[in-house]
Structure formats: structure tokens, C-alpha cells
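Protein chains get the first letters and strands the later ones, always in sequence-line order, with residue 1 at the start of each. The structure displayed is predicted, hence computed values, not measured ones.
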There are 2 protein chains.
Amino acid sequence: MGIFSKTCEYAVRAVFYIAQSSQEGRKVSIKEIAEKVKSPEPFLGKILQNLSKVGLIQSTKGPHGGFFIDPEGLKKPIADIVLAIDGEQIFTGCGMGLDYCSEKNPCPLHHDFKKVRNQLSSMLKKTSIGQFNLQLIKGSVTLYK
Amino acid sequence: MGIFSKTCEYAVRAVFYIAQSSQEGRKVSIKEIAEKVKSPEPFLGKILQNLSKVGLIQSTKGPHGGFFIDPEGLKKPIADIVLAIDGEQIFTGCGMGLDYCSEKNPCPLHHDFKKVRNQLSSMLKKTSIGQFNLQLIKGSVTLYK
DNA sequence: GTTATAAAAGATGTTTAACTCTTTTATTAT
DNA sequence: ATAATAAAAGAGTTAAACATCTTTTATAAC
């Protein structure tokens with residue numbers, strides 16, 4: 001596994017895809033998203049259901065329904081996705097898994113690890129969900145081959 | 001889960017403990033290590049067995065036996081532990097889990113993520129297994145409460 | 001209002017990581 | 001030699017992450 005769980009990777013890819021589609025003014029179905037971001041369709045359904053519950057994405061049922069993200073949502077940081085799926089451990093947890101670890105009572109890696117964590121956190125917090133929409137549309141970054 | 005797997009967290013803590021003990025000139029048993037780093041004893045046995053196989057730690061069986069690390073081993077980077085347990089994904093993998101992702105065909109997070117990955121990698125590569133021995137002995141950093 | 005569409009919800013199944021148990025092998029001390 | 005100690009090795013179990021299936025509910029078009 002990478003830094004994030006597989007579930008979280010699917011989530012980030014899906015949200016970027018929905019963001020791009022919303023920019024283009026269309027709603028997208030689970031089926032379409034799953035094909036594009038190469039994730040198992042029923043599992044992605046569950047993930048999107050959760051993201052919808054916490055308000056990170058919106059959806060409507062029925063014909064011509066699907067998922068979308070409103071303009072306000074596009075401004076939210078991708079940290080929100082990671083937090084919703086993987087929890088806060090990655091933003092705050094000790095690198096060696098020690099629950100007591102702190103500035104006062106540091107583990108050996110505490111100070112070095114803090115730098116890495118901070119860089120990761122600030123990157124996730126300053127990067128917005130809609131930030132890559134134009135690059136995705138023109139193809140200078142991609143979500144699939 | 002944090003950045004590393006739980007197994008890897010146990011491994012790093014155990015190796016630091018063995019390193020410290022080796023510095024003090026004594027071998028340590030699985031039982032002692034497991035108590036100190038708060039890991040399940042039989043599971044830790046398996047982990048240490050693997051680390052022993054790849055040569056990161058040494059052991060002798062029988063009375064007064066146990067685990068230790070030779071002076072050369074103390075110079076190795078903790079990246080070796082992470083690599084042995086969690087694999088290279090964390091050093092090289094795409095943040096969004098895309099296997100094709102590269103400089104030429106980047107995912108949206110590629111460039112930002114590279115910085116985080118590089119910082120983490122260089123930290124793990126420049127930090128040695130024996131580096132904290134003195135701080136551990138004098139107690140300015142700790143492996144347990 | 002009936003039909004088609006698409007997500008929500010809930011129950012269930014599978015796979016992998018985490019963890020345990022038992023037996024074997026090596027070493028040391030007597 | 002034999003008894004005690006401690007890791008190695010292999011098989012087995014449990015729990016969590018990953019994934020699927022079925023039913024229900026909401027919406028839209030006719």
C-alpha cells in the first residue's frame with residue numbers, strides 16, 4: 001500500500017473525475033466514474049455514498065441523475081477526502097505508532113517525522129478539489145491512460 | 001493506519017530497541033523486546049525472523065542467545081527496515097495509485113506528491129538504525145512510556 | 001400513474017494483514 | 001549425553017479492509 005489506503009485512492013480519483021465533469025456541466029453515473037478511474041463499480045458506489053453523506057459531493061437519483069460537485073465544493077481541500085476515508089491519523093499520528101508521542105515525550109523519529117507530516121498536510125490542505133479541472137480537460141494531467 | 005503498516009511500526013521500534021541493547025553490549029530475547037515495544041510476542045517473533053533473514057539483525061539461539069545488531073548494521077538506514085516490511089511502494093508509488101503515472105504522464109498530484117515522497121525517502125535514508133542509541137540510553141527520546 | 005433510470009441502504013462475501021500456536025533446530029551449561 | 005533455553009519454521013486463526021449483491025427509494029419521461 002502507498003501512503004493512502006486503496007479506498008482513499010479510488011475516492012480521490014473519483015472526486016477529481018466528478019469535479020472535472022461538473023466543470024463541464026454534466027452529472028456522472030457510478031458506472032461511468034468506475035470505468036474511468038478503474039475502480040470496482042459496486043465498491044465505488046459505497047465510497048461515493050459515504051462522500052455524499054459528509055457533503056463532499058452531491059447526487060440526484062433517477063434518469064439523468066448522477067454525481068456532481070457544486071462550485072463551493074470545488075474549493076474544498078483534498079484533505080477533506082483523505083480525512084473522510086482514512087481518518088486523521090495521517091495528519092497527526094506518530095510515525096512509529098506510539099500514542100503517547102509528543103513534543104514533550106518524543107519518539108526517536110518525532111522531529112523528522114513532523115516535517116514530513118506537515119509537508120503532506122499542508123499540501124493536502126492547500127490543494128483544492130477543483131484545482132486541476134482545466135489541466136484535466138486539456139489533458140496535461142490525467143486520471144487514466 | 002499511519003504512513004507505515006502496523007507491522008512496520010513494530011519492526012522499527014523493535015530494531016531501535018535491539019540497536020540500543022547492542023550498544024550496551026547485550027543480546028535481547030523476543031519476550032523482552034515485545035514487552036518493551038508493546039507488540040504481540042509471537043507476531044514480533046515472525047517479524048524479527050524476516051528481518052533476520054534479510055540480514056538487518058542478527059540472532060543466536062539457545063541460552064544467553066537473542067537478537068543483536070553488529071556495528072556495521074547500526075550504520076544502515078531505517079529505510080532498509082521499511083523496504084523489508086512495507087516494500088518500495090512508499091518510496092516510488094503514485095499518490096493516487098496509478099501505475100502508469102510518471103513525469104511524462106503525470107496524475108494531478110504527481111509533482112506535489114513527489115516532494116513529499118522525496119522528503120520522506122531522504123529522511124528514511126539518512127537516518128541510521130543506531131543513530132538514536134545515545135539519546136535512547138539517556139532518555140531524551142523514548143520507545144515506551 | 002406507469003415505466004425506466006440511477007443512487008441509497010443494508011446484508012453478505014472474499015481477501016489480506018494481523019496475530020497465534022505448535023513443532024523443530026541450534027546453542028549452552030551441566 | 002542430557003537438560004534447558006531461545007530462535008526458526010510452518011501451520012492455523014482472527015479481524016479488518018476490500019468488494020459484491022439485493023432491495024429500496026427518489027426522480028424523470030412518457
Side-chain angles (χ1 to χ4, degrees), chain A residues 1-15 17-18 21-22 26-35 37-69 82 84-87 89-90 97, chain B residues 1-15 17-18 21-22 26-35 37-69 82 84-87 89-90 97:
Chain A
M1 192 51 38
I3 289 193
F4 307 122
S5 69
K6 210 168 172 184
T7 306
C8 188
E9 291 175 350
Y10 290 149
V12 172
R13 274 146 56 192
V15 168
Y17 186 76
I18 299 169
S21 304
S22 292
R26 45 194 207 87
K27 291 171 192 151
V28 280
S29 68
I30 296 175
K31 189 167 159 37
E32 177 183 340
I33 304 167
E35 271 165 18
V37 309
K38 300 232 173 14
S39 77
E41 190 181 323
F43 188 49
L44 183 66
K46 278 292 162 201
I47 297 170
L48 296 182
Q49 191 179 313
N50 289 331
L51 293 178
S52 179
K53 256 180 216 157
V54 299
L56 276 172
I57 59 178
Q58 287 78 44
S59 70
T60 57
K61 296 180 179 180
H64 307 128
F67 292 92
F68 61 98
I69 301 175
V82 176
I85 306 288
D86 281 352
Q89 190 69 2
I90 203 159
Chain B
M1 193 50 40
I3 289 195
F4 306 123
S5 69
K6 211 167 172 186
T7 307
C8 189
E9 292 176 349
Y10 290 149
V12 172
R13 273 146 57 192
V15 168
Y17 186 76
I18 299 168
S21 304
S22 292
R26 47 195 204 86
K27 292 173 190 149
V28 280
S29 67
I30 295 176
K31 188 166 158 37
E32 177 182 342
I33 304 167
E35 272 166 19
V37 307
K38 300 233 170 12
S39 78
E41 190 182 323
F43 187 48
L44 184 67
K46 278 291 161 201
I47 297 170
L48 296 182
Q49 190 180 314
N50 289 332
L51 293 178
S52 179
K53 256 181 215 157
V54 300
L56 275 172
I57 58 178
Q58 287 78 45
S59 68
T60 57
K61 295 180 179 179
H64 307 129
F67 292 93
F68 62 99
I69 300 174
V82 177
I85 305 288
D86 281 352
Q89 190 69 359
I90 203 158

Separation of [X] atom [atom1] from [N] atom [atom2], in whole Å?
| X | N | atom1 | atom2 | result |
| --- | --- | --- | --- | --- |
| B:Glu41 | C:dA18 | CD | C1' | 16 Å |
| B:Phe68 | D:dA6 | CZ | P | 15 Å |
| B:Asp86 | C:dA18 | CG | C1' | 13 Å |
| A:Ile33 | C:dA6 | CD1 | P | 12 Å |
| A:Ile30 | D:dT20 | CD1 | P | 13 Å |
| B:Met1 | D:dA15 | CE | C1' | 12 Å |
| B:Phe43 | D:dT14 | CZ | C1' | 12 Å |
| B:Glu32 | D:dA6 | CD | P | 11 Å |

Query raised in the report: Are OP1 or OP2 of D:dC18 and a side-chain N or O of A:Tyr10 less than 4.0 angstrom apart?
Result: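 For D:dC18, OP1/OP2 do not have a side-chain N/O of A:Tyr10 under 4.0 Å.
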Query raised in the report: What does B:Pro42 touch in the nucleic acid at a heavy-atom separation under 4.0 angstrom: a base, only the sugar-phosphate, or nothing?
Result: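 Base contact.
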Side chain of [X]: nearest nucleotide among [options]?
| X | options | value |
| --- | --- | --- |
| A:Thr7 | D:dC18, C:dA8, D:dA7 | D:dC18 |
| B:Ser59 | C:dA7, C:dA18, D:dA8 | D:dA8 |
| B:Lys6 | C:dC19, D:dC18, C:dT20 | C:dC19 |

Report task. Kindly determine whether A:Lys6 and A:Tyr10 satisfy side chain to side chain contact (heavy atoms under 4.5 Å, CB included), including the steps that lead there. Result -> CA-CA 6 Å; A:Lys6 210 168 172 184; A:Tyr10 290 149; 3.5 Å; yes
Query raised in the report: Among B:Ile69, B:Leu56, B:Ile47, whose side-chain contact (heavy atoms from CB on, under 4.5 Å) with B:Val15 holds?
Result: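 Testing each of B:Ile69, B:Leu56, B:Ile47 against B:Val15, the sole residue satisfying side-chain contact (heavy atoms from CB on, under 4.5 Å) is B:Ile69.
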Report task. For side chain to side chain contact (heavy atoms under 4.5 Å, CB included), just list the numbers for B:Gln89 and A:Met1, CA-CA rounded to whole Å, side-chain angles, deciding distance to a tenth of an Å, and then say yes or no. Result -> CA-CA 7 Å; B:Gln89 190 69 359; A:Met1 192 51 38; over 6 Å; no
Report task. Give the C-alpha distance, both sets of side-chain angles, the deciding distance and a yes or no for side chain to side chain contact (heavy atoms under 4.5 Å, CB included) between B:Glu41 and B:Lys31. Result -> CA-CA 6 Å; B:Glu41 190 182 323; B:Lys31 188 166 158 37; 3.9 Å; yes
Query raised in the report: Using a heavy-atom distance cut-off of less than 4.0 Å, which residues of residues 44-56 of chain A contact DNA chain C?
Result: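 Of all residues in residues 44-56 of chain A, the ones placing a heavy atom under 4.0 Å from DNA chain C are A:Lys46, A:Gln49, A:Ser52, A:Lys53.
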Query - Gap separating the CD1 atom of B:Ile85 from the CG atom of B:Leu51, nearest 0.5 angstrom - result: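 One finds 4.5 Å between CD1 of B:Ile85 and CG of B:Leu51.
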Query - Spacing of SG belonging to A:Cys8 relative to CZ belonging to A:Arg13, to within rounding of 0.5 Å - result: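 Those atoms lie 11.0 Å apart.
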Requested in this report: Go through A:Ile33 and A:Leu48 one step at a time and tell me if the side chain to side chain contact (heavy atoms under 4.5 Å, CB included) criterion holds.
Outcome: CA-CA 10 Å; A:Ile33 304 167; A:Leu48 296 182; 3.8 Å; yes
Hey, what are the protein-to-nucleotides 26-30 of chain C N/O distances that come in under 3.5 Å?
| from | atom 1 | to | atom 2 | distance (Å) |
| --- | --- | --- | --- | --- |
| C:dA26 | O4' | B:Lys61 | NZ | 3.4 |

Query raised in the report: B:Ile90 versus B:Phe4: any side-chain heavy-atom pair under 4.5 Å?
Result: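 Heavy-atom side-chain distance check passes, below 4.5 Å.
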Query - Side-chain donor or acceptor of B:Asn50 paired with backbone N/O of B:Ala84 under 3.5 Å - result: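 Such a contact is absent between B:Asn50 side chain and B:Ala84 backbone.
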